[in-house]
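Here is the structure we will look at, set down as structure tokens.
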There are 2 protein chains.
Amino acid sequence: MDTITIKDIARALNISTSTVSRALRDSYEINPETKRLVTEYAERLNYRPNPIALSLKENRSRVIGVIVPQIANNFFSQVINGIEAIAYNRGYHVIIFQSHESYEREMLTVQQAVARRADGLLISLASGTHDVTYLRALQEKKLPIVLFDRISKDLDTLSVTADNFGGAFAATEHLIKAGRQRIVHLTMPAHISVTQERLAGYRAALEQYGLVYDENLVRYGQFGPDEVESIVDELLKLSPDAFFAAGDRLAIGCLSALKKRNVAIPETVSLIGFTNITVADLLAPAMTTVEQPSLEIGQLAAEQLINLIEGKKTTAPPTSLKIPTQLIVRASSQS
Amino acid sequence: MDTITIKDIARALNISTSTVSRALRDSYEINPETKRLVTEYAERLNYRPNPIALSLKENRSRVIGVIVPQIANNFFSQVINGIEAIAYNRGYHVIIFQSHESYEREMLTVQQAVARRADGLLISLASGTHDVTYLRALQEKKLPIVLFDRISKDLDTLSVTADNFGGAFAATEHLIKAGRQRIVHLTMPAHISVTQERLAGYRAALEQYGLVYDENLVRYGQFGPDEVESIVDELLKLSPDAFFAAGDRLAIGCLSALKKRNVAIPETVSLIGFTNITVADLLAPAMTTVEQPSLEIGQLAAEQLINLIEGKKTTAPPTSLKIPTQLIVRASSQS
DNA sequence: TTGTACGCGTTATCAC
DNA sequence: GTGATAACGCGTACAA
């Protein structure tokens, strides 16, 4: 891949590289004629400045590193979509890294991103991550970091999340108002921030409506398809009258299990983060869902990070940004 | 973000930068003691060579550019997953670009990738792309390019796709053997390679079993949710006895439409590329699907591209690699 | 065995 | 108005 440089232009036009540079950068006092010559020639040869040389000189890469647990996931791929939209608008490129939910891999990929001289990092923590001191170290080295979705209170950064508390509260409240009293809460591993926030919303709603919180109705884990089956079996013995699954895959697994068992509950499941409305419609016409603003999370997070990188005022104190969720209540299609 | 360089180490240890460089690169004849000193110090300060400087020097970036129509899409995000797995193993990073199905944006992002000095490009063409001369120009400049999924016969590159013909043939054959005779084929825009290959498989199966090809039963487009509704309405007037949707979203839209109209056909839909089996199970227990090997496509494509970049022998003449698809027949769960 | 000098592509600074 | 030079971080030929 042979590329044309400023040198080539200088040689061809019998002028110095600095003149070429000036002409192209439209910088001060330059002979209009020279400028014309240079720009025309550059145009003709389709000259593009080498961003790598620029990076070296300016000590910045105009690249932001994004670390997610996994790419092949509806939520994260939409967040990335949002990130990309903003980043490209502001002249940044995005390099994606996956932690595969592992603490070790997360550390490694963060190292990689740092080695690549990413100008800043956008991270959603792996479920295996309990310790963020390695991130704190980077922060102290002035590397801009913004956490999103899976955040940590142990790290004093800007963070962008959905309003998980509010969403879970609304979903639970909706079920209660529909007469449900024994609402199962199927959720992710306990230590993840998202889990805690959603659980808190669930509890708050129960409390507000004078229902008891029964911890037997709450199950944690990133249940694989089979696992959910047995969990649901166990739960059914406790005669619940509604299921609130706090995540896409949990909800799908749950629906699948219930369907196999021919459990017919008109409005069993409410879930957070199911982004494909068409599928939700098909799966359970009467299902209520909490739509997670994945695109917006990505956009806002990217915007905040770039502001940080460029030293602009951030939106001040409120270091923890929450984007509202939307409760979507589907009318039962069958009589 | 202050980083430590080879210079810092040299200064601290009172030796020259070249000595430091040699010590770290484990290069020839160096005093073991000096080497120890340097490596220890570097380790302690967590020194990482600046890949940007290296890129500039070696005129390569160890980055591969991936251009897909959209990230937030099950198929593409899984392909990216596969690409990433291979790339990182072989020391490459992956920068993602989206064309948003637009020819102009595709050209722009390719320019960006080239400007960023990507060592090679992995491209799945936008549906808006009818002309690939701009890619041919890059090819002539010796930029390694591998196409995947949405390929073009107008470009003489290595390509990696699913066996779309075989998959469509198998699906159609399955429907025919189940007694279907008027099989609708709902597919993507006509000029896309994938569309053509799948259509050819569909036709070949019809022909082999002596059924007439009725072009009224074939519909093209990237139907939005609403659009599918009216298409299905039109099609129903032609009294089809099966639907073969050549794509995830088409299939979901089709199922949704059929469900709303209470059309009960035991095995209506067969589709290509639906990767989430759990959802397929839920949607239509008797549905037959063709699983697309998205992960493998990504892996193989990345492998081929990196071989190209590194000048290794490619797998010779067969410049067009096809990965087999798998027909998954689900037994009806009812009765 | 180690140090010096140069080049990768670009721009800022200083001379002319 | 334009040219020469240094610097960004690194590796390496060449010199010592």
Side-chain angles (χ1 to χ4, degrees), chain A residues 1-39 41-42 45-63 91 112 114-119 141, chain B residues 1-39 41-42 45-63 91 111-112 114-119 141-142:
Chain A
M1 189 66 197
D2 37 327
T3 6
I4 128 137
T5 77
I6 225 172
K7 253 186 205 168
D8 300 324
I9 303 182
R11 202 175 319 116
L13 267 47
N14 246 317
I15 53 181
S16 78
T17 56
S18 23
T19 307
V20 176
S21 175
R22 270 190 290 254
L24 293 171
R25 310 225 83 227
D26 203 8
S27 116
Y28 70 116
E29 333 224 355
I30 182 147
N31 187 327
E33 177 58 12
T34 317
K35 182 173 168 184
R36 196 184 54 74
L37 241 58
V38 172
T39 46
Y41 190 78
L45 267 66
N46 196 27
Y47 165 80
R48 292 280 175 277
N50 184 335
I52 296 182
L54 283 176
S55 290
L56 184 59
K57 196 159 179 36
E58 300 173 1
N59 197 31
R60 54 120 126 217
S61 58
R62 285 200 161 274
V63 162
Q112 299 253 339
V114 171
R116 284 269 171 189
R117 299 298 189 275
D119 290 343
K141 284 193 188 168
Chain B
M1 189 64 196
D2 37 330
T3 6
I4 127 139
T5 77
I6 225 174
K7 251 186 207 168
D8 300 324
I9 303 183
R11 204 177 315 117
L13 265 46
N14 246 316
I15 53 181
S16 79
T17 57
S18 35
T19 308
V20 176
S21 175
R22 272 189 288 254
L24 292 172
R25 307 226 86 226
D26 204 8
S27 117
Y28 68 116
E29 334 226 352
I30 182 146
N31 188 326
E33 177 58 13
T34 318
K35 183 175 168 184
R36 196 184 54 73
L37 239 60
V38 171
T39 47
Y41 190 79
L45 266 67
N46 196 27
Y47 166 78
R48 293 280 176 278
N50 184 335
I52 296 180
L54 281 176
S55 291
L56 185 58
K57 194 163 177 33
E58 300 173 0
N59 197 32
R60 55 119 123 215
S61 58
R62 287 202 160 272
V63 162
Q111 302 298 353
Q112 298 254 338
V114 171
R116 284 267 173 191
R117 299 300 189 273
D119 290 342
K141 284 192 189 170
K142 306 289 175 225

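Given the structure is predicted, the values throughout are model-derived calculations rather than measurements. Convention: sequence-line order gives letters A, B, ...; per-chain numbering from 1.
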- prompt: With distance as the sole test, does A/Thr17 use its side chain to make a donor-acceptor pair with the main-chain N or O of A/Ile6 at under 3.5 Å?
  reply: no
message: Mind checking if B/Thr5 touches a base, just sugar-phosphate, or nothing, with heavy atoms under 4.0 Å?
response: sugar-phosphate
query: If you look at every strand shown and take non-hydrogen atoms under 4.0 Å, does B/Ile52 touch a base, only sugar-phosphate, or nothing?
result: nothing
At under 4.0 Å, does any side-chain N or O of [X] touch on OP1 or OP2 of [N]?
{"X": "B/Tyr47", "N": "D/dG9", "result": "no"}
{"X": "B/Lys7", "N": "D/dC8", "result": "yes"}
{"X": "A/Ser16", "N": "D/dG3", "result": "yes"}
{"X": "A/Thr34", "N": "D/dT2", "result": "yes"}
{"X": "A/Asn31", "N": "D/dT2", "result": "yes"}
{"X": "B/Ser21", "N": "D/dG11", "result": "yes"}

task: Identify, between A/Thr17 and B/Asn14, the residue whose nearest nucleotide on DNA chain C lies closer to the 5' end.
output: B/Asn14
task: Starting from the 5' end of DNA chain C, give me the residue, B/Lys57 or A/Glu58, whose nearest nucleotide shows up first.
output: B/Lys57
- prompt: Between D/dC10, C/dT11, C/dG9, which nucleotide gets closest to the side-chain atoms of A/Asn50?
  reply: C/dG9
- prompt: Is there a donor and acceptor pair closer than 3.5 Å between the side chain of A/Ser18 and the base of D/dA4?
  reply: yes
message: With a 3.5 Å cut-off and heavy atoms only, can you find an N or O donor on one side and an acceptor on the other between the side chain of B/Arg22 and the base of C/dG3?
response: yes
How long is the line joining [atom1] of [X] and [atom2] of [N], in whole Å?
{"X": "B/Ile9", "N": "D/dG9", "atom1": "CD1", "atom2": "P", "value": "13 Å"}
{"X": "A/Leu56", "N": "D/dA6", "atom1": "CG", "atom2": "P", "value": "17 Å"}
{"X": "B/Arg25", "N": "D/dT12", "atom1": "CZ", "atom2": "C1'", "value": "10 Å"}
{"X": "A/Ile6", "N": "C/dA12", "atom1": "CD1", "atom2": "P", "value": "11 Å"}

- request: Would you kindly compare A/Val20 and B/Ile4 by the position of their nearest DNA chain D nucleotide and give the one closer to the 5′ end?
  value: A/Val20
